[in-house]
Amino acid sequence: VGGTLGALGAGALIESFWFGSIFAGTAALCVVTALMTLAFVPETSDPHDSNLDPVGSILSVIGIGTLVFGIIEGPVKGWTSTETLGGFAAGVIFLAAFVGWELRTDRPVLDVRLFQLRGFSTGSVSIFLQFFAAFGFFYVGAQFLAFVFDYSPLTIGLAFLPVGIGIPGGAAIATRLGHRLSRGVIGGGGLIVLAAGAVGFTFLSAGSDYWMFALALLVFGAGMGLAGPPATEAIVEALPAEKQGVASAINDVARELGGALGIALIGSMLTAGYQRSIDDSSTLPPEIADVIREAPGVGLGVASQAGAGAPGIIANVQTAVTDGFGIAMWVAAGAAIAGAVYVALRTPPAGAEASALDASTTTTTTTTTTTTTTKAAT
């Protein structure tokens with residue numbers, strides 16, 4: 001709901017004011033939320049159980065940042081360029097260093113050993129892939145609507161509204177199915193439905209009607225709604241009560257990391273597909289094609305000054321954006337399908353890991369009680 005209203009509000013602000021009004025509005029909401037938090041959220045700090053880990057935090061930021069940099073630069077500088085390969089190499093090195101540090105430090109910012117728990121790992125992967133596909137779609141979908149359907153910012157926000165119906169609807173269905181089917185089946189099925197929605201976008205073109213976009217978006221959102229609840233439940237159930245802060249944190253981290261990498265990779269696929277389509281065009285003079293391939297907005301700017309040649313340039317730009325959008329959505333669908341297989345096969349039955357943790361706790365308590373009783377008897 002927040003994402004849908006955010007897109008709608010952003011479109012309204014851009015049309016009514018200026019581009020920066022989006023960020024001014026967000027800042028105002030943040031201030032209000034901060035004041036409400038200070039006023040109403042109870043104090044829950046535990047100074048003796050703080051997991052401040054500056055080394056791990058820095059390593060993770062550099063690792064993720066350089067990886068995203070490499071993905072973004074790929075279509076621009078080339079996938080074998082020094083910048084791209086350097087970003088990938090740095091990302092792998094720093095993320096490996098992050099894992100090594102987290103395994104050695106006494107107070108890790110993220111205990112990577114937790115991913116050995118099947119519920120924790122499958123839930124995290126599912127949420128990561130949901131938001132990988134969703135954030136990537138919103139990024140490239142807005143460009144498709146703007147450059148192919150010629151929608152205004154506010155109309156783009158309105159066009160995204162069906163996802164606000166699909167997500168809660170899918171979540172309600174997932175809750176009802178939870179009494180009959182396993183989490184693996186529901187979560188994996190949700191990712192398959194999400195993939196079906198992504199594939200639906202690949203059938204769109206400049207001549208398509210909006211209802212086709214809306215239908216694919218409704219299916220896409222329903223898939224997210226189906227996959228979300230079992231993934232969160234698996235993460236929460238995998239950890240004991242004293243570790244629920246970790247469960248909540250990894251839930252959010254999976255969303256944000258999936259969104260960042262989704263925008264980077266799926267956005268790069270749109271760029272790569274767009275540029276390849278422009279390069280392959282036989283109707284554009286080379287000197288014009290070299291300018292247009294920079295970005296769709298640049299291409300439409302060239303068309304506005306091309307006079308009689310404008311329709312041909314616009315048609316090429318729209319075809320190229322459609323081609324790139326299709327490639328991007330196939331990448332999103334492929335990631336969701338791979339995740340569906342993993343989630344369906346690896347998600348433990350409800351209560352399995354909770355029972356194991358309870359048994360472990362009971363064993364520890366029994367051992368401690370027995371030792372205490374023996375000492376007292378002695």
Side-chain angles (χ1 to χ4, degrees), residues 7-25 69 71-79 81 83-84 136-160 201-214 263-331:
L8 183 61
L13 287 172
I14 288 178
E15 291 201 8
S16 301
F17 302 102
W18 81 108
F19 177 71
S21 64
I22 301 172
F23 306 102
F69 173 81
I71 295 172
I72 292 173
E73 290 299 309
V76 180
K77 301 292 180 61
W79 294 103
S81 67
E83 292 89 345
T84 303
F137 160 72
F138 279 117
Y139 181 67
V140 300
Q143 296 183 62
F144 176 84
L145 292 173
F147 299 126
V148 179
F149 280 9
D150 195 28
Y151 283 180
S152 68
L154 178 58
T155 307
I156 291 173
L158 291 169
F160 282 145
F201 291 120
T202 66
F203 292 97
L204 297 173
S205 65
S208 298
D209 295 324
Y210 169 71
W211 70 263
M212 297 177 63
F213 182 93
I263 290 172
L265 184 57
I266 294 176
S268 292
M269 293 300 100
L270 172 67
T271 301
Y274 171 82
Q275 292 178 341
R276 186 176 67 180
S277 180
I278 294 296
D279 292 340
D280 292 343
S281 174
S282 59
T283 61
L284 290 172
E287 63 275 9
I288 294 181
D290 289 341
V291 176
I292 292 176
R293 77 185 304 275
E294 291 184 16
V298 175
L300 295 179
V302 171
S304 66
Q305 303 174 7
I313 295 175
I314 293 173
N316 274 280
V317 169
Q318 290 180 334
T319 298
V321 172
T322 301
D323 291 344
F325 182 58
I327 293 172
M329 288 297 92
W330 276 115
V331 170

### Query
Any side-chain heavy atom of Leu270 within less than 4.5 Å of one from Tyr139?
no
### Summary
For Ala159 and Leu145, the nearest pair of non-hydrogen atoms, with its separation, is CB-CD1, 3.8 Å
### Query
Does OH in Tyr210 sit with more than 12 non-hydrogen atoms of other residues, nucleotides or ligands closer than 6.0 Å?
yes
### Spacing of CZ belonging to Phe325 relative to CD belonging to Gln318, to within rounding of 0.5 Å
14.0 Å
### Task
With the side chain counted from C-beta on, respond yes when Ser277 and Asp280 share a heavy-atom pair under 4.5 Å apart, and no when they do not.
no
### Message
Using side-chain heavy atoms (C-beta onward) and a distance below 4.5 Å, is Arg276 in contact with Ile327?
### Response
yes
### Message
Can you confirm whether the side chains of Ser268 and Thr271 place a donor and an acceptor under 3.5 Å from each other?
### Response
no
### Task
Please answer whether the main-chain N or O of Ala12 pairs with a side-chain N or O of Ser16 as donor and acceptor at a distance below 3.5 Å.
yes
### Message
Is the shortest side-chain heavy-atom distance between Glu83 and Phe69 below 4.5 Å?
### Response
yes
### Message
Could you walk me through whether Leu154 and Leu8 satisfy the side chain to side chain contact (heavy atoms under 4.5 Å, CB included) test, starting with their C-alpha distance in whole Å, then the side-chain angles of each, then the deciding distance to 0.1 Å, before giving a yes or no?
### Response
CA-CA 6 Å; Leu154 178 58; Leu8 183 61; 4.0 Å; yes
### Task
Check the pair Leu284, Ile278 against side chain to side chain contact (heavy atoms under 4.5 Å, CB included), reporting the backbone distance first and the verdict last.
CA-CA 8 Å; Leu284 290 172; Ile278 294 296; 4.2 Å; yes
### Thr84 and Ser81: side chain donor to acceptor below 3.5 Å
yes
### Task
Test side chain to side chain contact (heavy atoms under 4.5 Å, CB included) on Met329 and Ile266 and set out the steps.
CA-CA 8 Å; Met329 288 297 92; Ile266 294 176; 4.2 Å; yes
### Task
Would you mind reporting whether Phe144 and Val140 have side-chain heavy atoms less than 4.5 Å apart?
no
#### Entry: Nearest heavy-atom neighbours spanning Ile313 and Ala306
CD1-CB, 3.6 Å
### Query
Do Leu204 and Phe201 come within less than 4.5 Å of each other through their side chains, counting heavy atoms only?
yes
### Task
Any chance you could measure Glu15, atom CD, to Thr155, atom OG1, to the nearest 0.5 Å?
6.0 Å
## Note on the structure
Closest heavy-atom pair, Ser205 versus Thr322, reported as atoms and distance to 0.1 Å, is CA-CG2, 4.0 Å
### Message
Are the side chains of Thr283 and Asn316 in contact, using a 4.5 Å heavy-atom criterion?
### Response
yes
### Task
Grab the two heavy atoms, one from Gly326 and one from Thr202, that are nearest each other, plus how far apart they are.
O-CG2, 3.6 Å
### Query
For the residue pair Tyr274 and Ala320, what are the closest heavy atoms and their distance?
CD1-CB, 3.3 Å
### Query
Heavy-atom distance under 4.5 Å between the side chains of Phe149 and Ser208, does that happen here?
yes
### Query
Aromatic ring centroids of Phe160 and Phe137 under 6.0 Å?
yes
### Message
For Asp279 and Arg293: C-alpha separation, side-chain torsions, deciding distance, then whether salt bridge (Lys or Arg N to Asp or Glu O under 4.0 Å) applies.
### Response
CA-CA 7 Å; Asp279 292 340; Arg293 77 185 304 275; 3.0 Å; yes
### Task
Could you pull out the closest heavy-atom pair between Ile14 and Pro153, with the gap in Å?
CG2-CG, 3.8 Å
